[in-house]
4 protein chains.
Amino acid sequence: MDSSAKTGKRPGKAKRRILTAAARLFRGRGFDRCTVRELADEVGILSGSLFHHFRSKDDILFAVMEEVIVDMDATLAAALDSAPTTHDELRALIHNQLEFIHGPQADATAVLVYEWNALSPDGQARLLARRNAYFRRWQEVLTKARSEGLTNVDPVVSRQLIHGALVWSANWFDTNGAMTVEELEQAVMSMILV
Amino acid sequence: MDSSAKTGKRPGKAKRRILTAAARLFRGRGFDRCTVRELADEVGILSGSLFHHFRSKDDILFAVMEEVIVDMDATLAAALDSAPTTHDELRALIHNQLEFIHGPQADATAVLVYEWNALSPDGQARLLARRNAYFRRWQEVLTKARSEGLTNVDPVVSRQLIHGALVWSANWFDTNGAMTVEELEQAVMSMILV
Amino acid sequence: MDSSAKTGKRPGKAKRRILTAAARLFRGRGFDRCTVRELADEVGILSGSLFHHFRSKDDILFAVMEEVIVDMDATLAAALDSAPTTHDELRALIHNQLEFIHGPQADATAVLVYEWNALSPDGQARLLARRNAYFRRWQEVLTKARSEGLTNVDPVVSRQLIHGALVWSANWFDTNGAMTVEELEQAVMSMILV
Amino acid sequence: MDSSAKTGKRPGKAKRRILTAAARLFRGRGFDRCTVRELADEVGILSGSLFHHFRSKDDILFAVMEEVIVDMDATLAAALDSAPTTHDELRALIHNQLEFIHGPQADATAVLVYEWNALSPDGQARLLARRNAYFRRWQEVLTKARSEGLTNVDPVVSRQLIHGALVWSANWFDTNGAMTVEELEQAVMSMILV
DNA sequence: CATGAATGAGCCTTCATTCAT
DNA sequence: AATGAATGAAGGCTCATTCAT
């Protein structure tokens with residue numbers, strides 16, 4: 001007889017459940033418009049109990065973002081490592097970003113991108129290194145791509161343009177719609193390539 | 001000697017000053033993290049006075065957004081009217097959007113895009129018609145562009161990709177930096193065109 | 001061409017119109033739940049203009065009450081003077097009170113009775129003399145009535161019981177209903193008399 | 001050693017204490033002239049804590065009224081049930097009303113009667129059924145009383161006249177004065193009876 | 001006299017956070 | 001770990017009142 005049977009609560013570690021619910025809530029209604037009570041309700045505990053797991057509401061936002069940014073960077077690093085050509089690396093860049101924006105971590109990724117300003121200055125500072133590392137990988141690939149004649153736009157500029165185009169898809173692309181993520185990936189590729 | 005010299009208040013109609021300050025504040029710190037007292041301070045009045053000009057804080061957000069969306073649509077309509085070719089229309093699309101994102105109405109435009117969820121459901125409904133009209137113009141031009149072979153991506157998809165890329169520039173492009181808006185415009189054009 | 005034609009406002013002295021509207025409003029929704037803006041709207045002026053005629057909102061309440069209490073006492077005095085018998089005096093007491101509660105000054109009278117606590121301590125003090133004078137007349141008549149065997153209840157008590165019964169009729173008696181004020185008067189008389 | 005000794009707080013359930021204080025305050029100074037901070041002070045908590053127990057200030061007024069009206073109706077029903085004669089029923093009517101107006105629930109009863117207009121339309125609607133039930137009992141007794149020749153005034157009219165007389169006593173009758181409630185009851189009876 | 005923008009105190013309510021149980 | 005009452009700062013908004021025009 002596990003504890004979830006006794007308490008009637010859904011299984012899974014509390015921290016995990018809080019983070020998942022927080023990502024969904026923060027994404028849907030914005031960090032500031034969500035109350036800790038709503039979050040606690042969603043998890044099935046009382047608001048006071050949240051503070052046994054996280055020091056503050058800000059801390060929850062930070063944890064959501066940190067987890068996804070660490071994952072995203074690690075996944076990208078691995079994907080780039082196993083990409084034989086620059087063209088494959090380019091595709092890995094886009095694939096990885098879309099995977100996060102529309103995959104299992106979609107909520108957390110959207111929160112990372114669109115609630116960045118809700119994060120405390122301190123939190124931003126602590127996440128900046130990872131963020132920079134991630135974009136450095138983009139930069140390197142795009143620089144190589146231009147030098148190889150695959151694209152003809154300045155890497156700094158194209159990095160931002162592509163990033164903007166990709167993350168915005170969180171707001172319109174429907175995973176259950178007619179178009180698949182692979183097709184979207186292909187469309188982006190065809191815009192980038194000369 | 002104008003009245004502002006006599007009263008010691010900054011010139012300009014109060015509503016105008018509120019809207020301008022609101023756009024800057026809402027953009028910089030997010031609608032929910034701004035207080036009406038901050039806004040009033042910025043304008044140089046007391047918080048209560050705000051409510052002589054707007055019924056509520058929500059109303060101010062609505063007014064900021066409505067003004068810019070109306071302007072944006074009207075300006076685009078005019079620009080498209082005087083564009084001789086589809087290529088020129090395509091450029092007008094991008095030029096117009098960048099003009100708003102980085103021109104005098106930069107703050108309000110950023111608010112329109114990134115604080116959309118902060119707007120009340122009712123407010124969203126009342127602005128939707130304009131928003132749709134604006135995007136319909138994009139759709140039409142992009143459809144024509146593809147049928148003429150200028151691009152080869154589905155209009156719905158390319159509209160969203162380009163929109164995402166352009167509005168994201170609000171977060172990184174520096175008007176006072178080395179790159180001009182015209183150059184940015186050119187970079188985007190070159191990514192779109194086959 | 002009078003000024004009301006020019007300004008489009010209803011005729012009559014401003015003070016009068018304010019007092020009439022105030023009585024109706026205060027009675028209907030309570031002094032505290034009425035705003036000076038509502039009152040000004042009703043009169044057809046702006047809220048600021050109210051303060052050319054009265055020093056404060058409290059002052060308006062005071063004026064409404066003072067006018068009616070002065071009238072009520074004067075009318076009662078006259079009626080008692082011309083009442084040949086104690087029985088007639090008794091009837092005058094009731095008639096006069098009902099005349100005010102349901103006649104042209106119904107609103108002001110209801111305000112006097114039911115908004116007494118909304119009046120400032122200072123205002124209450126300034127009206128107390130009149131209030132006392134009015135009730136003294138009741139007391140005298142009721143004392144005489146008992147000594148003559150018309151009633152058999154202590155004058156202090158009966159004065160309050162009758163007063164309560166009469167003023168409460170403001171809350172239920174319908175001037176346009178089947179029962180006339182005269183019939184109501186008769187019903188009260190029959191309850192009082194032995 | 002009970003918990004109140006340990007926490008330093010006054011004993012009694014919070015809701016109860018709030019309701020009691022609210023009745024006293026609302027009665028003394030009127031619902032609109034009382035602030036939630038005053039009420040919280042009186043109870044010995046902070047204003048925010050009020051809203052753990054009641055959704056709104058309106059809700060508190062409603063709760064005060066609901067409790068007393070339910071009690072009042074139940075007590076009257078019981079009293080009428082055990083009254084052997086119509087004469088006794090008549091006395092029960094008056095006794096019950098005076099018991100509430102001057103007994104332990106005096107404040108709440110006064111609030112019910114004199115702050116009815118401060119209650120939201122919705123609140124009024126939700127209390128109307130009880131109010132009507134209570135008055136229906138009066139009506140029935142008074143109808144019977146007239147048919148038996150105990151009184152000779154129309155039941156609808158006498159119900160309102162007596163009700164007015166009785167509730168008004170909240171404003172003048174002094175429980176600690178020379179006259180007892182029983183004597184007051186007797187005085188009212190003698191006015192009603194033929 | 002009237003206007004109406006501005007005032008500023010104060011109101012009800014919300015909400016992240018604490019803590020004794 | 002969880003509870004839930006209490007906290008207390010802050011938030012959006014109201015409103016009687018003032019005053020330059």
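Protein chains get the first letters and strands the later ones, always in sequence-line order, with residue 1 at the start of each.
- Rounded to a whole Å, the CD1 atom of I45(B) is 16 Å from the C1' atom of dA9(E).
- In the displayed structure, R55(D) atom CZ is contacted under 6.0 Å by at most 12 heavy atoms of other residues, nucleotides or ligands.
- Of the side-chain N and O atoms in S49(D), one or more sit less than 4.0 angstrom from OP1 or OP2 of dT7(F).
- The distance from atom CG of D58(B) to atom P of dG11(F) is 16 Å, rounded to the nearest whole Å.
- In terms of position along DNA chain E, the nucleotide closest to H53(B) lies nearer the 5' end than the nucleotide closest to the other residue of the pair R37(D) and H53(B).
- When rounded to the nearest whole Å, the span between CG of L39(C) and P of dC15(F) equals 13 Å.
- F51(D) places its CZ atom 17 Å from the P atom of dA9(F), with the value rounded to the nearest Å.
- Side chain of Q124(C) to backbone of W116(C): a donor-acceptor contact under 3.5 angstrom is found.
- In this structure, E115(A) contributes its side chain and F31(A) its backbone to a donor-acceptor pair below 3.5 Å.
- With values rounded to the nearest 0.5 angstrom, I18(A) atom CD1 is found 10.5 Å from R16(A) atom CZ.
- Taking Q105(C) as the reference, D71(C) meet the side chain to side chain donor-acceptor pair (under 3.5 Å) condition, with sequence neighbours excluded.
- The nearest whole Å value for the distance from the CD1 atom in I60(C) to the C1' atom in dC15(F) is 14 Å.
- Residue contacts for T35(A): at a heavy-atom cut-off of 4.0 Å it reaches the sugar-phosphate backbone alone, with no base atom in range.
- Judged by Watson-Crick or G-U wobble contacts below 3.5 Å, the nucleotide dA1(F) has no partner.
- Taking the side chain of L46(C) as heavy atoms from C-beta on, and the options dT17(F), dT3(E), dG8(E), the nearest nucleotide is dT3(E).
- Nucleotide dT13(E) forms a pair with dA10(F), judged by Watson-Crick or G-U wobble geometry with both contacts under 3.5 Å.
- Heavy atoms of S47(B) sit under 4.0 angstrom from at least one base atom.
- Going from the C1' atom of dC1(E) to that of dT21(F) covers 13 Å, rounded to whole Å.
- Distance L25(C) CG to dC15(F) P: 13 Å, rounded to the nearest Å.
- Protein atom NZ of K57(A) is 9 Å distant from nucleotide atom C1' of dC15(E), rounded to whole Å.
- The distance between atom CD of E38(B) and atom P of dG11(F), rounded to the nearest whole Å, is 8 Å.
- Nearer to the 5' terminus of DNA chain E, by closest-nucleotide assignment, is the contact made by G48(C) (compared with the other of H52(D) and G48(C)).
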